[in-house]
Amino acid sequence: GYGHTVPLSDGGKAFCIIYSVIGIPFTLLFLTAVVQRIIVYVTRRPVLYFHIRWGFSKQIVAIIHAVVLGFITVSCFFLIPAAIFSVLEDDWNFLESFYFCFISLSTIGLGDYVPGEGYNQKFRELYKIGITCYLLLGLIAMLVVLETFCELHELKKFRKLFYVKKDKEEDQVHIMEHDQLSFSSISDQAASMKDDQKANEPFVTSQSPTSNDSSLNN
C-alpha cells in the first residue's frame, strides 16, 4: 500500500480489513502456484539440460544460471523500467525511478513516489494499468529469482546451520512406538480376519473318535 489512497469512513476501513484478510492469503497462494510452475521451465529444466547434454557440473551450472537469471531480472524490471519512468515522470530522475522500482518490487511500498499522479499525464488510465501489470510480473520474477537462489547447494548447506537438530534417541523411541502400534494393529486385524473366516465357513459334522476306530478295525 502506497498510502496515497486510504479509506476514510468506518465502513470502508472495516471492508478494507475483511478484504485484506481474505485477499492476502489468496494472493500468496496464487503467486506460489505460479512461481512453482514457472521455475520448472526457467530454472530446473535448463540446469538439467546443460548438466546432461554437455556434462557440466550441476552445481556450477546452477550458480551460473542463477547469476544470469538475476542479471536479466535486474535489467528487465529495474534498470529499463527506471529509465522509462524517468522519461514519463517529469519530476523523477533515474535514481528516484530506480528507487520506486525497488521499493515496489520488494513489497515495501512507502508511497513517497507514486507514478501517474500528474494532472497533465497522457493516457493516465492506460498508464495505471501498465504499472499494475509491471508490478505483478516484476513480483513474480523476483520470487522466481529468490527461489532459484534458494535451490543452490551452497545456500542449502548454509541454511542447515540454522536448523534445530532433533535428538536421535527421541526419534528412535517414537519410531519403536510407531512400529509396535503398527505390529499390534496388524496382528489384531489378522486375528479378526481368522475369526471372520471361521464364522463364514460351512458347518462340518465332526466324526466321533469311536467311529473312526471301528472303521479302521474293519
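- The minimum heavy-atom distance between Pro115 and Ile131, with the atom names listed, is CG-CD1, 3.3 Å.
- Shown here are the salt bridge (charged side-chain N to carboxylate O under 4.0 Å, His left out) partners of Arg45, two or more places apart in sequence or in another chain: there are none.
- Other residues, nucleotides and ligands contribute only 12 or fewer heavy atoms inside 6.0 Å of the CG atom of Leu8.
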Got a list of side-chain donor-acceptor pairs under 3.5 Å for residues 138-149, not counting sequence neighbours?
unit_1	atom_1	unit_2	atom_2	d
Thr148	OG1	Thr43	OG1	2.8
Thr148	OG1	Val144	O	2.7

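- Contact check for Ser97 versus Glu89: no side-chain heavy atoms found under the 4.5 Å cut-off.
- Counted within 6.0 Å of CZ on Phe94, heavy atoms from surrounding residues, nucleotides or ligands total more than 12; the atom is thus considered enclosed.
- The closest side-chain heavy-atom distance from Arg44 to Glu151 is below 4.5 Å.
- Residues passing the side-chain contact (heavy atoms from CB on, under 4.5 Å) test with Ile64, sequence neighbours excluded: Ile60, Val68.
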Please list every donor-acceptor pair under 3.5 Å in which a side-chain atom of residues 78-86 meets a protein atom from a residue at least two apart or in another chain.
unit_1	atom_1	unit_2	atom_2	d
Ser86	OG	Ala82	O	3.3
Ser86	OG	Ala83	O	2.6

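- The side-chain contact (heavy atoms from CB on, under 4.5 Å) search around Ile22 returns Ile18, Phe26, not counting sequence neighbours.
- Aromatic ring orientation, Tyr113 versus Trp92: perpendicular (interplanar angle above 60°, classes split at 30° and 60°).
- Counting heavy atoms from C-beta outward, Tyr127 and Leu88 have side chains that approach closer than 4.5 Å.
- Atom CD1 in Ile108 sits 7.5 Å away from atom OH in Tyr99 (nearest 0.5 Å).
- Applying the side-chain contact (heavy atoms from CB on, under 4.5 Å) criterion to Phe50, with sequence neighbours excluded, gives Trp54, Val61.
- Listed here is the closest heavy atom pair of Val42 and His65: O-NE2, 2.7 Å.
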